[in-house]
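A short write-up of the structure that comes next.
For the numbers below, each heavy atom of this structure counts, side chains included, while hydrogens, waters and symmetry mates do not.
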Amino acid sequence: MAEVKVKNIYKTYGANDSVVKNVNLDIKDKEFVVLVGPSGCGKSTTLRMIAGLETISKGDIYIGDRKVNSVPPKDRNIAMVFQNYALYPHMNVYSNMAFSLQLRNYSKQDIDKLVKEVAQILGISHLMQRKPREISGGERQRVAVGRAIVRKPYVFLFDEPLSNLDAKMRVQMRTEIHKLHLKIQTTMIYVTHDQTEAMTLGNRIAVMKAGEILQFDTPLNVYDNPSCKFVAEFIGSPPMNIMKGDIVKKDGILYFREGNFKVKIIKEMYGKLEKYINKQIFFGIRPENIYDKLFASCATPENTLSVLCDVLETMGSENHLYLSTNKHTMIAVVDAANKPSVGSMVEVVFDMEKVHFFDFDTKITIV
C-alpha cells in the first residue's frame, strides 16, 4: 500500500500541444480517487503517466516515498485494469491470474494459494478452467481484476473498466469494485467519463477539462459546491439548469432577471453579488431544487414562476418535467405523484437557498 503524489505534471506532444497541464494530485494511502471528465480531457493520459506507460514531459510522480519518473512500469508495483480487460485468450482463467506470479518466480504452492484466495473473494472459483471466450463480460472483468489483485500491488489503476458492459452489469460491477476496495484496502485510482460512477465510487473525485483539474474534492462537496460552471453542469444527472441574465437592484433588494424570468435573491448572497449589479451573470439551479407550487412549502411571489410543461418523463419513483419560458428551458425532478398535463402552464418554485451564480467571463463560481 502507498500514497501517490502527482506534482505539476505535463504531457506535451509537439511544441505547444499540451494534453495534460500542471496536474497536481495528493492521493492518500488506501484512498479511492476517481478522475472524471469528458472524452479527450487528459484523464487516461494522466493515469498512463502514473503507470509509466506514458513519459512525463514535465513534473514528478511519487509512489510512496519513491520518485518514479524513470522507473519502468514493471518495477512500480502497480496493477492496471484496462477497458478491454487484456486477457490472454489461449489461457484459462486460472492461468491468466497466475501468469504474472509465474514471471516473478513464485512457487507453484504460493501461486495456487494466492489464485484460489482471490478467486474466492471475487466469486469466480467455478470459472478456473474456462477460457475468456467462454465467460460473460462481467466475469471477464472480474478475472482482469483478480489478475491484478494476486500481485498485491501498492496501487490499482482502472482505465474505464466498465465501459464495455451493459447498464445492469455496470451497476453490479460498480458495487463489486466498491466492496473490493473496502475489503482489500489498497490505493485505487479510477478513470471514467461517467459522473455516476465517479460520485458513487470515489472518496474524492478530480473533475478534468482540457488537460486540467478544475476541482478535486469529495463527491458531495463537488456536487453541492462546484468550483465553476463546467463542474456544475458536468456533475449531476439531469444536469444543473443554467440561465444567463443579470443582477438588478430595486428598493434595496437584489433580483436575478432575464426577460420575464425574475427571482429574488436571499440576503446571505448580497455580499458577493453587489459588484455584479447591472452586469451579466450565469444563474444555476439543480433540477431537484425546482418544485411544483402545489407541493412546495417555501413558495413566495418572489421565487415563483409560471412555465409551460413541454414534456413529462415518468421514471418510476420520480418524474422529470421539461419546462420552458419565453427564453429558457429547464428540467425539474419531482415526486412521482406530481404529473402535470403536457402543454399546461405550471407554477414552479425555486429554492433560492440552493442556487448558484457564476461569473460571466471566467465561469468561476461566485456563490
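One distance of note links CE of M80 with CG of L47; it measures 4.0 Å at 0.5 Å rounding.
Using a 3.5 Å distance cut-off with no hydrogens or angles, the side chains of E160 and H193 do pair a donor with an acceptor.
A salt bridge links E54 and R48; the closest N-O separation between the charged side-chain nitrogens and carboxylate oxygens is under 4.0 Å. Using a 4.0 Å cut-off between charged side-chain N and carboxylate O, E176 and K179 make a salt bridge. No salt bridge links D166 with R170; every basic N to acidic carboxylate O contact stays at or beyond 4.0 Å. Comment: E274 engages K249 in a salt bridge, judged by a side-chain N to carboxylate O separation of less than 4.0 angstrom. Between K7 and D60, none of the side-chain N atoms (NZ, or NE/NH1/NH2) sits under 4.0 Å from a carboxylate O, so this pair counts as no salt bridge. Using a 4.0 Å cut-off between charged side-chain N and carboxylate O, R204 and E31 make a salt bridge.
The aromatic rings of H90 and Y88 sit perpendicular to each other, their planes meeting at more than 60°, with 30° as the lower class boundary. Using cut-offs of 30° and 60° on the angle between ring planes, the pair F357 and F283 is perpendicular.
Taking the six-membered ring wherever Trp is involved, the centroid distance between the rings of F295 and Y291 does not fall below 6.0 Å. Separation of the F261 and F350 ring centroids falls under the 6.0 Å cut-off.
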